[in-house]
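Take a look at the structure set out below.
For reference, positions follow the sequence shown, starting with 1. Values in this document were obtained by computation on a predicted structure and should not be read as measured data.
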Amino acid sequence: MATATTASNLSGLALRLVRDNLLSPTDAERIQAEALSKKTSFVTQLVESKKLDSATIAKVASDDFGIPLYEINSLDLEMAPVKLVDEKIIRRHHVLPLFKRGTRLFVAVADPTNLQALDEIKFHTGLGTEPILVEESKLAAIIEKSLDAQDTSLSDLAGDDSLENLEIIAGDEDKKDGGSVAGEEGINDAPVVKFVNKILMDAINRGASDIHIEPYEKIYRVRYRQDGILYEVANPPITLSMRIAARIKILSRLDIAERRVPQDGRIKMRISKNRAIDLRVSTLPTLWGEKIVMRILDPTSATLGVEKLGFEDFQKELFLEAIHRPYGMVLVTGPTGSGKTVTLYTGVNILNTPDNNISTAEDPVEINLTGVNQVNINEKTGLNFASALRAFLRQDPDIILVGEIRDLETAEISIKAAQTGHMVLSTLHTNDAPSTLTRLANMGVPPFNIASAVNLIIAQRLARRLCQHCMKPVDIPKPALLKAGFREEDIKGLAVFGPVGCDACNSGYKGRVGIYQVMPVSEEIGAIIMRGGNQLDIELQARKDGVPDLRQAGLMKVKQGITSLEEVETATNE
């Protein structure tokens, strides 16, 4: 009788758990009273009491009330209509809108007897509500995550007041006296200014290489590319998308009134007296507004030193010996974003001495170096790589850097310069070092000129470095190691490490390292070129000359514990 008397003071899920003998009447009554005094839900208080875990509570509630149980961790937050319901209602009733079907809104609840929450949501949205049961602990975490992602207050996003005084200089030299500033007054409001400053500074502090700001129909997101991977970092209100885009365009000296065509600009940020960062800005009209991508160009990347690039010792010696020759050509090849510019500029920085006249032609100039004469290619005015090279040759050059060899004319002038007493550095888009030589031949460069002018070819990729704080040994079966490219003798005593993830890194990785194939053009390779040999012939000879290919170079990094096998396979998977 005591049980019945106590149970009569209970209601909802508490009463059901007592009747199912999962909770004593005394505990249920105490927890219910604590929930009322703390103004929280019975389920939340029950989980905190540790009398029952959230998974058990959810299963019982689902069975007894006939409400489907949903695995909320599979929810795509970007698609959830969270903004349909006021944040105060979500927090007060501990509920979350999951999805909308016609005039019905499906709402995640941990307590199916909380009818007041469903009625209040129905009143405010005008939609019929359907409860979907989820585990209390998972619901609490996802509510916080979804509300944080909304970032409804731009001031909260901007945060640090010291960012207001950050010195940002419009950097497009071609538009010093141009660029529309119509409406600039409305764009310079403090919250927008602070937010833009914050995303720029956060990206630099995190070591990001790119910032992506993207409008969609219902969301507006900011992503950073760190170590080659994009991470979402903020969701400012979509109503501010045009103001944020306009603010960035003002800083870049772009026309804020023009939203129909792509535009390119530049921003210079002076972080301290001794450090400035350039940002290359590109806008693109999309279905829901202008997407903006900013490439962060840090001049310090050119002064890292050849030791930090990732060359093996023998590769570093080949590179240094080639760039210090009085004439010839050094080519760096690889896909976009593989670090070719940093490799070339590391070489240029080494050669940048008072006794050398260095000129570069780039599209566009990415890293500013004092002592180097840098030219921005501008096809609209007729200043292309070929015309810049012709001008360089009349300027008594010692070293010439050509941003990219794209056509036969540029290739022929570059090779002529390399044959007539100049050191020429350039890039091509090919997969590896041997294919670079056949690419030049296919462009129409005579084989004799290729063999006599090209000294060294570097093919490269970038792989993420394992975090030294949390990496751990991983057990990989011998057949998988052999298939990856290791030899039998390499496997004995081999320790392979993999990512874990900690506060100091991004999912187990921090920073990137170059993987290089460094191939000198030996006499034997020159002879193959002269007789019209193909890429396979050159590959076989390079192997005889002891040149590791990209996969072998990557496996060296695995053996040294610098990166993971998975990263090498991804980076060198041709």
Side-chain angles (χ1 to χ4, degrees), residues 169-176 209-210 252-253 264-271 274-282 294-306 309 323-324 327 329-332 336-407 409-411 413-414 416-418 421-429 458:
I169 308 155
D172 194 334
E173 296 300 320
D174 294 335
K175 299 181 181 179
K176 279 184 176 177
S209 61
D210 301 87
S252 313
R253 293 281 187 185
D264 295 299
R266 207 174 180 102
I267 298 172
K268 181 183 285 291
M269 290 179 62
R270 191 163 297 284
I271 299 171
N274 301 318
R275 189 182 180 201
I277 300 286
D278 283 341
L279 295 102
R280 194 173 78 210
V281 181
S282 172
M294 291 179 275
R295 168 66 58 89
I296 299 171
L297 309 170
D298 189 350
T300 58
S301 62
T303 57
L304 288 174
V306 70
L309 290 179
I323 65 173
H324 280 104
Y327 59 89
M329 180 180 281
V330 173
L331 295 172
V332 181
T336 301
S338 59
K340 300 188 296 295
T341 300
V342 172
T343 300
L344 283 177
Y345 263 91
T346 300
V348 167
N349 199 55
I350 292 169
L351 299 171
N352 186 16
T353 57
D355 58 328
N356 275 328
N357 177 21
I358 305 175
S359 296
T360 76
E362 301 166 75
D363 184 19
V365 172
E366 293 195 359
I367 300 170
N368 296 328
L369 276 184
T370 302
V372 177
N373 306 291
Q374 297 171 283
V375 174
N376 245 331
I377 295 304
N378 189 338
E379 296 282 355
K380 292 179 181 178
T381 63
L383 180 56
N384 54 26
F385 284 114
S387 59
L389 276 169
R390 289 193 187 92
F392 290 168
L393 292 174
R394 295 191 291 270
Q395 296 255 322
D396 185 30
D398 295 301
I399 294 116
I400 296 171
L401 186 150
V402 184
E404 182 184 347
I405 294 177
R406 298 176 179 171
D407 52 58
E409 185 180 17
T410 305
I413 299 171
S414 300
K416 180 182 176 183
H422 309 94
M423 171 52 61
V424 178
L425 309 174
S426 190
T427 71
L428 268 90
H429 282 285
I458 301 171

Find out whether [X] and [Y] are in side-chain contact, i.e. whether some heavy atom of one side chain is under 4.5 Å from a heavy atom of the other.
X: L425; Y: V348; answer: yes
X: N376; Y: L383; answer: no
X: R280; Y: M294; answer: no
X: V375; Y: T360; answer: no
X: T341; Y: Y345; answer: yes
X: I277; Y: K268; answer: no
X: E362; Y: L401; answer: yes

Derivation and outcome, side chain to side chain contact (heavy atoms under 4.5 Å, CB included), residues T346 and L309: CA-CA 9 Å; T346 300; L309 290 179; 3.8 Å; yes
Those residues at least two apart in sequence (or on a different chain) that pass salt bridge (Lys or Arg N to Asp or Glu O under 4.0 Å) with E409 are R390
R406: salt bridge (Lys or Arg N to Asp or Glu O under 4.0 Å) partners, not counting sequence neighbours: D363, E404
Listed partners of [X] passing side-chain hydrogen bond (donor to acceptor under 3.5 Å, both in side chains), at least two apart:
X: S426; value: none
X: T410; value: D407
X: T343; value: Q460

According to side chain to side chain donor-acceptor pair (under 3.5 Å), does anything in residues 379-388 pair up with another residue at least two apart or in another chain? List the pairs. N384-S387
Distance-only, no hydrogens or angles: does the [X] side chain make a donor-acceptor pair with backbone N or O of [Y] under 3.5 Å?
X: D264; Y: S282; result: no
X: T427; Y: G403; result: yes
X: H422; Y: Y327; result: no

In a table with atom names and distances, give each donor-acceptor pair under 3.5 Å that connects a side chain of residues 350-358 to protein atoms at least two apart or in another chain.
from, atom 1, to, atom 2, distance (Å)
N352, ND2, T370, O, 2.9
T353, OG1, D355, OD1, 2.4
T353, OG1, N356, ND2, 3.4
N356, ND2, L351, O, 2.9
N357, OD1, N373, ND2, 3.2
N357, ND2, Q395, O, 2.9
N357, ND2, D396, O, 2.7

Return the CD1 to NE2 distance between I405 and H429, rounded to the nearest 0.5 Å. 11.5 Å
Enter the distance from D278:CG to M269:CE here, rounded to the nearest 0.5 Å. 10.5 Å
Could you work out, with side-chain contact (heavy atoms from CB on, under 4.5 Å) as the rule, every residue matching S209, not counting sequence neighbours? R225
If the condition is side-chain contact (heavy atoms from CB on, under 4.5 Å), which residues does A418 pass it with, not counting sequence neighbours? M329, V424, A453
Heavy-atom closest contact (P397 atom, F392 atom, distance): CD-O, 3.2 Å
S414 to L389 - nearest heavy-atom pair and separation: OG-CD1, 3.4 Å
